[in-house]
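Letters go in sequence order (proteins before strands), and every chain restarts at 1. Atoms considered below: every heavy atom in the structure, side chains included; atoms not considered: hydrogens, waters and symmetry mates.
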Number of protein chains: 2
Amino acid sequence: LIARHFRPLATHPGALGLIDDAAAVVPPPGHDLVLKADAIIGGVHFFAEDAPATVAKKALRVNLSDLAAKGATPFGFLLSLALPKEIGDGWLADFAAGLGEDARAFACPLFGGDTDRTPGPIMISIAAFGTLPHGTMLLRSGPKAGDILVVTGTIGDAALGLALRRDPAAGPGLTGAERDHLLHRYLVPQPRNAAAEALRLNASGGMDVSDGLVGDLGKMCRAAGVSAEVDVARIPLSGAARAALAAVPALLETALTGGDDYEVLASVPPDKLESLRAQAAAAGVDVSAIGRFLPPGDAGPQARFLADGQPLTFARASFSHF
Amino acid sequence: LIARHFRPLATHPGALGLIDDAAAVVPPPGHDLVLKADAIIGGVHFFAEDAPATVAKKALRVNLSDLAAKGATPFGFLLSLALPKEIGDGWLADFAAGLGEDARAFACPLFGGDTDRTPGPIMISIAAFGTLPHGTMLLRSGPKAGDILVVTGTIGDAALGLALRRDPAAGPGLTGAERDHLLHRYLVPQPRNAAAEALRLNASGGMDVSDGLVGDLGKMCRAAGVSAEVDVARIPLSGAARAALAAVPALLETALTGGDDYEVLASVPPDKLESLRAQAAAAGVDVSAIGRFLPPGDAGPQARFLADGQPLTFARASFSHF
C-alpha cells in the first residue's frame with residue numbers, strides 16, 4: 001500500500017524505493033540531525049471532509065514548521081498512517097499527491113513508513129528530520145533579557161478560520177476573499193522554512209507558534225527563565241483578521257490564543273534585528289518585532305501582553321481588558 | 001504530559017530533557033542512520049486490557065526488531081501517543097515505566113515526542129533510529145542464490161499465543177507453563193538486537209519476521225529476485241509450540257503464517273554460517289539454518305515450504321498438504 005502510492009515521494013536513495021523495512025541515510029558531515037514528531041487526527045486537528053491533499057500538507061507542514069523554528073533545513077520524514085476502513089484508494093492517491101507536492105516544494109523526501117487499519121479516526125503521524133551545522137539549533141530556552149521578540153508572518157488567521165469553519169456567522173461583514181483567506185490559513189499552514197537560515201544566523205532562540213501566541217510565549221519564557229512584554233498593537237495581523245476583529249473585538253482572544261498559526265517566535269539581539277529582517281525579507285518572509293525579553297520579575301518568568309499600556313489577561317474562553 | 005512521565009527516558013543530551021520542541025543529535029562519524037517507523041493500535045495489535053508496561057515494550061520492540069534485522073545498533077526513538085480519554089495518569093505512569101525499562105535495556109533513549117487526545121483507540125507510533133558503519137545495512141534484497149536461509153529464535157510462538165488468547169480451548173493438553181510461554185511471546189516480543197552485529201558481519205541480507213514466516217520470506221524473495229526452499233522440519237519451534245502442534249497439527253499454518261514473531265530472517269553465504277552461529281550464540285541468540293536460496297524458476301521468485309519433501313501450500317485460513 002505504502003509502496004504503491006508513496007514510492008514517488010521516496011526520492012532519497014537511502015529510502016531504497018520503499019522496498020525495504022528501513023531507510024539508511026547520512027546527515028551531512030559536521031551537521032546535527034534535528035528530530036521532531038507530530039501527529040494529526042481526523043476530527044481533532046482537521047475535519048473528516050477536508051480534501052485529502054490538504055490533510056497531507058497539514059500533516060507534513062506542522063512538522064516542517066518546527067524545523068523552521070529550530071533553524072534547520074528539511075532532510076526527510078517518516079510516515080505512519082492509521083486508516084479507517086472508509087478510506088479508499090482514491091482518497092489515498094489524492095493524499096499521496098498532495099504530500100508529494102510538499103515533499104518536493106520543501107525538499108523533504110519520504111524515507112519510509114507504515115500503514116495500519118484502525119477502528120478509530122484517521123491518524124497521520126510524521127517524524128521529520130532536519131539538519132543544521134553542529135550546535136546551532138535554536139532553542140526554546142535561548143532568549144536572553146534584552147533580546148527583541150519577533151514573530152514571522154501574521155498571527156490569528158488560522159484560529160479565526162477555524163471559528164468561521166465552526167460557525168459561519170462568527171465573522172460578520174467579512175468579504176468572501178477575507179473569509180477564504182482565514183479558512184485557507186486553517187486548512188493549510190504556511191511554515192516559514194524559507195526563513196530558517198536567516199533565523200539560525202541571527203536569532204538567539206526560537207520555537208514555532210502552534211498552540212497560540214499567548215500560551216507558546218509563556219512556555220518560551222519559562223524555558224528561558226526570562227519574562228516578555230508584548231505590544232499587542234504591533235502583533236502582525238492580516239487584513240482579513242483586522243476586519244474580523246473590527247467587527248467583533250472579542251475575537252482578539254481567539255486570534256492570540258487559538259493556535260494553528262505555524263509561525264516562528266524568536267528572540268533576537270537588538271544588533272541582529274535588521275539583518276534578520278533583511279535576510280528573511282529576501283526569502284519572502286516578513287518578520288515583525290512585537291516586544292522584548294526582560295529579566296524575570298518577582299513572580300517568575302511570564303509573558304505580558306499590553307494594549308494601550310494596559311495588561312490583557314486571557315481566560316480559557318474569554319479575556320478581560322483592565 | 002510527555003515531560004512529566006517521560007523525561008527520565010530522555011537520557012541523551014540531544015533530547016534537551018524534553019523541554020524543547022525538537023531534539024538535536026549527531027550519529028557517530030562514518031555511520032549511517034537507520035530509520036524505521038511502526039505503530040501499534042489498541043484492539044488491533046494488542047488488547048485494551050493488556051498491562052500498560054507490556055504495551056509500551058511491544059511498541060518499542062517491534063521497532064527494535066527491525067533495527068536488529070538491519071544489523072543496526074539502537075540509537076534512540078521518537079514517540080507519538082494518541083490517548084483516548086479513559087487513559088489516565090496511572091496508566092501512563094506504568095506505560096512510561098515499562099518503556100523506560102526497555103529504553104535502558106536496549107540502550108535506546110527517548111529523543112522526543114508528542115501527545116494528542118483521540119476519540120479513537122490508543123495508538124502508539126514510534127520512529128526508531130539505529131546506527132551502523134556506512135553502507136553495511138542488511139537489505140531485504142540482499143539474498144543471493146546459494147546463500148543459506150537462517151532464522152533466529154523460534155517461530156510461531158506469538159501466533160499460537162494469540163490463538164490461545166482468543167480461544168483458550170485452541171491449545172488442548174498444553175501445560176500451564178507451555179500456555180504461559182506462548183501467551184508471553186505474544187504479549188512481549190524478544191527482538192534479537194543482541195545478534196545484530198553478528199548478523200551485520202556475516203549475513204548477506206536480512207529482515208524481521210513480523211507478518212508471518214511464509215509471507216515475509218515471500219517478500220524477501222521478491223525483493224531479492226531469488227527463490228527459497230525451506231525444510232519445514234528444520235524450522236525452530238519452542239517446546240510449547242511443538243506440544244501445541246502435536247495436539248492440533250493444523251496449527252502449523254497458524255505458526256508459520258500468523259505473524260508477531262519478531263525474529264530475524266537472514267541470508268548467509270555458506271562459508272559464513274558457522275561464524276554467524278558462533279557469534280550469535282555468544283550473544284545468547286540461537287540461529288537455525290532452515291533452507292537455502294536458489295535462482296528464481298520460470299514462475300519467478302518464490303518461497304517453497306517442503307515437509308517430507310512435499311510442498312505445503314497455505315491459504316488464508318488453512319493449508320493443504322499435497
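- For chain B, the nearby part of A/Leu78 is the side chain; its heavy atoms alone come within less than 4.5 Å.
- For A/Val44, the part lying near chain B is the side chain, with the backbone staying farther off; criterion is any non-hydrogen pair under 4.5 Å.
- In this structure, B/Glu197 places its CD atom where only 12 or fewer heavy-atom neighbours from other residues, nucleotides or ligands lie under 6.0 Å away.
- A/Asp66 touches chain B through its side chain: at least one heavy atom from C-beta onward sits under 4.5 Å away, while N, CA, C and O do not.
- In this structure, the portion of A/Leu16 lying under 4.5 Å from any heavy atom of chain B is its side chain and not its backbone.
- If you measure heavy-atom distances from B/His31 to chain A, the contacts under 4.5 Å come from the backbone alone.
- Interface remark: A/Met137 contributes side-chain atoms only to the contact with chain B (heavy atom separation under 4.5 Å).
- The part of A/Arg117 that comes within reach of chain B is its backbone (N, CA, C, O), which places non-hydrogen atoms under 4.5 angstrom from that chain.
- Only the side chain of A/His45 comes within contact range of chain B, with at least one heavy atom under 4.5 Å from a heavy atom of that chain.
- Contacts with chain A were tallied for B/Val26, B/Val25, B/Ile19, B/Val34; B/Val25 has the most, counting heavy-atom pairs under 4.5 Å.
- Here CG of A/Leu35 is found 9.0 Å from CG of B/Leu35. Values are rounded to the nearest 0.5 Å.
- Put simply, of A/Ser125, A/Ala69, A/Ala39, the one with the most heavy-atom pairs under 4.5 Å next to chain B is A/Ala39.
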Checking side chain to side chain contact (heavy atoms under 4.5 Å, CB included) for the pair A/Phe129/B/Leu33: CA distance, chi angles, key distance, verdict?
-> CA-CA 11 Å; A/Phe129 313 114; B/Leu33 198 71; 6.0 Å; no

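- Using modelled atom types, no side-chain atom of A/Asp21 and backbone atom of B/Met207 make a donor-acceptor pair closer than 3.5 Å.
- In this structure, A/Asp32 contributes its side chain and B/Ala24 its backbone to no donor-acceptor pair below 3.5 Å.
- Ranked by heavy-atom pairs under 4.5 Å with chain A, the list B/Gly112, B/Pro121, B/Gly76 is led by B/Pro121.
- Only the side chain of A/Ile41 comes within less than 4.5 Å of a heavy atom in chain B; its backbone stays farther off.
- Here the shortest heavy-atom pairing between A/Leu139 and B/Asp20 reads CA-OD2, 3.3 Å.
- In terms of non-hydrogen atom pairs under 4.5 Å with chain B, the most contact-rich of A/Ala72, A/Ala22, A/Ala23 is A/Ala23.
- Taking A/Leu67, A/Thr115, A/Asp116 one by one and counting their heavy-atom pairs under 4.5 Å with chain B, the maximum is reached by A/Asp116.
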